Amino acid sequence: MLGIPGLGDASAERLESQQPSLQEFSEFPTPAEEETDLKPCIRQRVVLSGLTKDMWTEEHEATMDLFLKDVTKQLLVAYMEDVAGLKVELAMPSQEQRQLTYFIRQPNAEITEETFHKVVQFGTVRKPYIDSLMRLLNAIYLPRLFRKASWPESIKNEFFSEIYHFMTSLTDTRSKMRGRTVLYIPIEALAIKPEVAVKDKALVQRLESE
């Protein structure tokens, strides 16, 4: 019992009984850590003609949440339908759309605010998709790949050869759709002076294989 001057035994007992114990303090709930809402990261990257803020619905929010939280969901797409308006789905639409924004998750990767740009590939393609894909590859991805001078030569040769095969096939498909014959010329070859290129045996071999 607490010895408090000026209080009788009975008063001291009542006062002591009213003091909260350490156990009572430990039982107080602690505030849960708030989860970062990553849906704005998706919404601000959806670039579609005619899209306005008021088109986003609770159904769209739920679909985005599922994609963000379920590591087995690898694809999220958004597009505009003439009748239904904005569509946000976890699979490619059955019919070709004029515009489509896509988000692709790395297999089984968790998406956080810190890792979003590392584990999610996103972009917008426009009909026809082959033309849009070629623009993305030629303007963004291939120039960056060809500037990677630190790659081991064996890996570089094998990888670039596969890239050339794919781009040749893509160029051929696109040109046939337009009734023309177009040969693919690798960006790598255009960026090197002829007198330098002829001395690069690996480069010459890659170009001749095409």
Side-chain angles (χ1 to χ4, degrees), residues 41-42 45-48 67-68 70-79 88-112 114-210:
C41 292
I42 292 179
R45 288 169 174 80
V46 176
V47 183
L48 301 171
F67 171 73
L68 291 166
D70 187 343
V71 297
T72 66
K73 307 299 182 185
Q74 288 190 250
L75 177 66
L76 178 76
V77 296
Y79 58 94
V88 179
E89 299 175 340
L90 297 170
M92 289 294 291
S94 56
Q95 296 181 345
E96 188 178 41
Q97 304 297 320
R98 290 192 299 272
Q99 291 177 309
L100 182 140
T101 298
Y102 62 87
F103 298 85
I104 304 174
R105 173 207 303 269
Q106 290 184 8
N108 300 317
E110 292 188 3
I111 301 175
T112 65
E114 293 75 21
T115 65
F116 186 91
H117 288 87
K118 295 180 181 179
V119 302
V120 178
Q121 176 72 45
F122 59 89
T124 299
V125 293
R126 292 169 173 78
K127 184 180 178 180
Y129 294 160
I130 289 181
D131 287 7
S132 186
L133 177 59
M134 288 197 67
R135 285 195 297 269
L136 282 172
L137 290 172
N138 286 323
I140 299 177
Y141 295 108
L142 295 185
R144 292 184 180 182
L145 289 173
F146 292 142
R147 285 198 297 266
K148 289 281 186 180
S150 59
W151 289 14
E153 197 65 27
S154 58
I155 295 177
K156 182 179 178 180
N157 288 335
E158 183 176 353
F159 179 75
F160 282 3
S161 294
E162 294 299 324
I163 287 288
Y164 290 166
H165 283 304
F166 175 74
M167 291 301 298
T168 298
S169 176
L170 191 64
T171 302
D172 185 57
T173 301
R174 180 195 183 201
S175 61
K176 285 181 178 178
M177 292 172 63
R178 299 184 175 187
R180 297 184 296 178
T181 300
V182 178
L183 298 178
Y184 172 68
I185 300 178
I187 296 177
E188 184 186 19
L190 299 175
I192 302 176
K193 294 181 179 180
E195 57 270 22
V196 176
V198 295
K199 297 178 182 179
D200 189 334
K201 294 182 179 180
L203 173 61
V204 172
Q205 184 178 4
R206 288 197 298 271
L207 297 179
E208 287 180 343
S209 67
E210 294 305 309

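Please read these numbers as outputs of a predicted model, since none were measured by experiment.
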Y184 and D172: CA distance, side-chain angles, deciding distance, side chain to side chain contact (heavy atoms under 4.5 Å, CB included) verdict: CA-CA 8 Å; Y184 172 68; D172 185 57; over 6 Å; no

Reported [atom1]-to-[atom2] distance for the pair [X] and [Y], which is rounded to 0.5 angstrom:
{"X": "K127", "Y": "Y79", "atom1": "NZ", "atom2": "OH", "answer": "14.0 Å"}
{"X": "L76", "Y": "L68", "atom1": "CG", "atom2": "CG", "answer": "8.0 Å"}
{"X": "T171", "Y": "N138", "atom1": "OG1", "atom2": "CG", "answer": "7.0 Å"}
{"X": "F103", "Y": "I111", "atom1": "CZ", "atom2": "CD1", "answer": "10.0 Å"}

Full working for side chain to side chain contact (heavy atoms under 4.5 Å, CB included) between L142 and M167: CA-CA 10 Å; L142 295 185; M167 291 301 298; 4.0 Å; yes

Residues, nucleotides or ligands: over 12 heavy atoms within 6.0 Å of E89 CD: yes

Set of side-chain contact (heavy atoms from CB on, under 4.5 Å) partners for [X], sequence neighbours left out:
{"X": "D131", "value": "P128, R135, R174, R178"}
{"X": "S169", "value": "T173"}
{"X": "Q74", "value": "P107"}

Residue pair [X] / [Y]: nearest heavy atoms and the distance that separates them:
{"X": "V46", "Y": "A78", "answer": "CG1-CB, 3.9 Å"}
{"X": "T124", "Y": "T101", "answer": "OG1-OG1, 2.8 Å"}
{"X": "V125", "Y": "S132", "answer": "CA-OG, 3.2 Å"}

Under 3.5 Å donor-acceptor, T115 side chain and K118 backbone: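 Here the side-chain-to-backbone pair does not exist.
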
Parallel, tilted or perpendicular, as decided by the 30° and 60° cut-offs, for the rings of H117 and F122: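 Because their plane-to-plane angle is over 60°, the rings of F122 and H117 count as perpendicular.
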
Short side-chain donor-acceptor distance under 3.5 Å, S175 and T181: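 Absent: no donor and acceptor within the cut-off.
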
Working for side chain to side chain contact (heavy atoms under 4.5 Å, CB included), residues L170 and M134: CA-CA 8 Å; L170 191 64; M134 288 197 67; 3.3 Å; yes

Side chain to side chain contact (heavy atoms under 4.5 Å, CB included) between M92 and Y102, intermediate numbers included: CA-CA 9 Å; M92 289 294 291; Y102 62 87; 5.8 Å; no

